[in-house]
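Below is one structure; the comments refer to it alone.
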Amino acid sequence: MGEPVRFVLATHNPGKLREMGEILSRLGVEVLSPAEAGVTAEAEETGTTFRENALLKARQVCAAAGLPAIADDSGLCVEALNGGPGVYSARYGGEGLDDAGRRALLLESIRGQTDRRAHFSCCVACAFPNGDTLEAEGRCDGLIAFAPLGTGGFGYDPVFQFPPLGRTFAQLSQEEKAAVSHRGKALAAFAEKLDAYLKTHREPLSPVAEAPEPQSGLTGKQRSRLRAMANGIPTILQVGKEGIGENLIRQAEDALEARELIKGRVLENCMEYNARQAAQALARATRSEPVQVIGTRFVLYRESHTIPKEKRIRLEPPRKAQKKGAGR
Ligand code: ITT
């Protein structure tokens with residue numbers, strides 16, 4: 001069935017990374033950490049739902065790594081706090097607090113409350129280089145304990161009491177937690193969807209390392225030469241959160257008027273395109289040809305008839321044409 005598919009885990013939370021890696025590997029999914037995939041930047045979570053934020057993180061890491069990426073957005077929703085801190089769980093109490101500080105703040109803010117009901121929610125989203133996405137959700141109901149208990153897990157685990165087992169999440173083993181947790185449920189549902197998806201899609205999963213479909217009939221040799229030349233040129237186009245609009249197309253046109261080979265990259269805040277899609281969209285708009293896509297970068301070529309001859313790229317003509325020219 002071809003090469004095993006590898007996914008980048010789009011999280012910088014070590015607790016989540018451990019749990020997701022563990023659960024996904026049991027489900028047969030091979031994963032890389034963001035560091036292993038060379039992704040360092042953290043996405044800004046501007047969404048107002050778990051789903052929005054999970055998709056945002058997955059898409060950004062997928063675009064940055066050029067590999068399918070799986071993200072988790074999760075949080076604790078407390079009845080007595082009208083569902084808060086919810087999507088703001090990681091930022092509850094502001095920047096200065098660590099996990100212990102957030103737990104203390106939570107206990108303090110519902111001190112004296114008899115309604116201790118709460119649930120963890122999790123949305124797992126996966127983004128593929130071809131733009132496809134998959135999502136799954138999971139929820140786990142419990143109670144907020146009166147004091148922290150246990151040393152396992154992470155985040156709010158020591159204050160999340162799970163009545164069916166009579167312990168807090170921090171008192172459960174990793175397997176026990178995974179079997180009942182919001183994340184365990186979301187990942188199990190996700191694995192089913194992924195399985196179905198993989199049965200019908202192989203193409204979008206491979207890293208986007210090679211050139212997209214040829215459009216103007218360059219030969220393999222010509223394309224290799226252009227790729228070799230692309231190593232030394234600066235990146236002059238940036239596809240950001242505005243995507244590909246008139247300005248960017250004009251910029252690409254201007255650049256292609258001045259030279260035949262140009263390089264661009266897709267920034268992390270661009271939600272709409274990965275590098276392959278950006279290269280194809282810009283190539284269509286400027287009648288150029290994408291000759292390379294690696295990670296977030298892409299290279300476009302357009303033969304020019306206006307640039308002085310000595311500045312043009314001399315591509316070896318295809319062999320057949322050479323023979324004819326030689327008059328043999
Ligand atoms: P990434 O965005 O990099 O994945 P994060 O910690 O910022 O990391 P979220 O925005 O999804 O992730 O915030 C989720 C917060 O909710 C997390 O920081 C914990 O405080 C809490 N949380 C989520 N799942 C949890 C769990 O299983 N146990 C304890 N706390 C959890």
Side-chain angles (χ1 to χ4, degrees), residues 7-24 31 33-35 37 39-62 64 69-78 81 83-95 97-107 118-127 135 137-145 148-162 167-187 268:
F7 295 81
V8 185
L9 284 185
T11 178
H12 295 273
N13 178 322
K16 276 194 195 178
L17 198 61
R18 195 178 53 241
E19 284 189 8
M20 290 170 77
E22 168 78 19
I23 298 171
L24 284 167
V31 293
S33 67
V39 179
T40 47
E42 271 192 57
E44 215 189 312
E45 296 180 28
T46 48
T48 52
T49 62
F50 296 115
R51 180 176 173 271
E52 271 172 26
N53 281 336
L55 279 169
L56 200 138
K57 292 188 264 191
R59 285 192 176 123
Q60 289 201 1
V61 171
C62 173
I70 301 173
D72 155 313
D73 199 65
S74 45
L76 181 63
C77 308
V78 179
L81 298 176
V87 286
Y88 305 105
S89 294
R91 290 163 272 173
Y92 184 49
E95 294 262 306
L97 292 186
D98 59 5
D99 278 351
R102 281 186 283 274
R103 292 192 292 265
L105 174 65
L106 173 66
L107 292 182
H119 66 266
F120 272 121
S121 268
C122 172
C123 178
V124 168
C126 177
E135 303 147 35
E137 300 202 346
R139 168 180 170 142
C140 179
D141 286 274
L143 300 171
I144 300 301
L149 266 181
T151 54
F154 67 97
Y156 298 94
D157 280 347
V159 294
F160 186 77
Q161 177 82 18
F162 184 61
R167 283 173 284 166
T168 68
F169 264 8
Q171 294 175 299
L172 303 184
S173 69
Q174 212 160 291
E175 292 74 35
E176 284 175 318
K177 180 180 169 188
V180 297
S181 77
H182 48 310
R183 184 164 300 103
K185 289 179 192 163
L187 285 171
E268 288 217 352

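Quick caveat, the model's predicted, so the values are computed rather than measured. All ligand and atom numbering here is 1-based and tracks the order in the structure.
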Which heavy atom of R102 sits nearest a heavy atom of S89, and at what distance? CD-O, 3.4 Å

Distance to 0.1 Å, residue and atom name: give those for the protein heavy atom nearest to atom 27 (O) of ligand 1. K177 NZ, 2.7 Å

Enumerate the atoms of ligand 1 whose separation from the nearest heavy atom of R183 is less than 4.0 angstrom. 23 (C), 24 (N), 25 (C), 26 (C), 27 (O)

For E45, atoms of ligand 1 separated by under 4.0 Å from a heavy atom: 2 (O), 7 (O), 10 (O)

Residue part near ligand 1, for F50, under 4.0 Å between non-hydrogen atoms: neither

Should we say atom CD of E44 is surrounded by more than 12 heavy atoms from elsewhere, each under 6.0 Å from it? no

Quick check on G153 - does any of its heavy atoms sit under 4.0 Å from an atom of ligand 1? no

Atom 21 (C) of ligand 1 has as its nearest protein heavy atom Y156 CD1, 3.7 Å

Please report the closest heavy-atom contact between P148 and V159, naming both atoms and the distance. CA-CG1, 4.0 Å

Could you tell me which atoms of ligand 1, counted from 1 in the order shown, lie closer than 4.0 angstrom to a heavy atom of K16? 1 (P), 4 (O), 5 (P), 8 (O), 9 (P), 11 (O), 12 (O)

Residue and atom name of the nearest protein heavy atom (relative to atom 28 (N) of ligand 1), distance in Å to one decimal: D157 OD1, 2.6 Å

Which atoms of ligand 1 are found less than 4.0 Å from any heavy atom of G75? 16 (O)

What I'd like to find out is whether the side chain of V31 reaches to under 4.5 Å of the side chain of L17, using heavy atoms alone. no

D73 heavy atom under 4.0 Å from ligand 1: yes

For atom 16 (O) of ligand 1, what's the nearest protein heavy-atom neighbour? Residue, atom name and distance, please. S89 CB, 3.4 Å

Parallel under 30°, tilted from 30 to 60°, perpendicular over 60°: which one fits the rings of F162 and F169? tilted

Does the pair S33 and L9 meet the rule for a side-chain contact (heavy atoms from CB on, under 4.5 Å), with working shown? CA-CA 5 Å; S33 67; L9 284 185; 5.9 Å; no

So is there a nitrogen or oxygen of H12 less than 3.5 Å from a nitrogen or oxygen in ligand 1? yes

Give the contacting part of R102 toward ligand 1: side chain, backbone, both or neither, where contact means a heavy-atom distance below 4.0 Å. neither

Under the side-chain contact (heavy atoms from CB on, under 4.5 Å) criterion, do E45 and D73 qualify, and how do the steps go? CA-CA 9 Å; E45 296 180 28; D73 199 65; 3.1 Å; yes

Proximal atoms of ligand 1 relative to H182 (non-hydrogen, under 4.0 Å): 24 (N), 25 (C), 26 (C), 27 (O)

Going by heavy atoms in the side chains, are V78 and P85 under 4.5 Å from each other? yes

Look at atom 31 (C) of ligand 1 and say which protein heavy atom is nearest, naming residue and atom and giving the distance to 0.1 Å. F120 CE2, 3.5 Å

Top protein contact for atom 14 (C) of ligand 1, by heavy-atom distance: S74 O, 3.0 Å

Intermediate values then yes/no, side-chain contact (heavy atoms from CB on, under 4.5 Å), F160 and T168: CA-CA 5 Å; F160 186 77; T168 68; 5.7 Å; no

Let me confirm one number: the CG-NE2 distance from L187 to H182, rounded to the nearest 0.5 Å. 10.0 Å

Go through the steps to decide whether L106 and L81 satisfy the test side-chain contact (heavy atoms from CB on, under 4.5 Å), and finish with yes or no. CA-CA 9 Å; L106 173 66; L81 298 176; 3.6 Å; yes

Where on E42 is there a heavy atom closer than 4.0 Å to ligand 1, on the side chain, on the backbone, on both, or on neither? neither

Closest protein heavy atom to atom 1 (P) of ligand 1, given as residue, atom name and distance to 0.1 Å: T11 OG1, 3.4 Å

CZ (R51) with more than 12 external heavy atoms under 6.0 Å: no

Could you tell me, atom by atom, which parts of ligand 1 come under 4.0 Å of a heavy atom of G155? 29 (C), 30 (N)

Considering only non-hydrogen protein atoms, determine which one is nearest to atom 17 (C) of ligand 1 and report residue, atom name and distance to 0.1 Å. N13 ND2, 4.0 Å

Heavy atoms only: give me the nearest V124-C122 pair and the separation to one decimal. CG2-SG, 3.9 Å

If the contact criterion is a heavy-atom separation under 4.0 Å, does F169 count as touching ligand 1? no

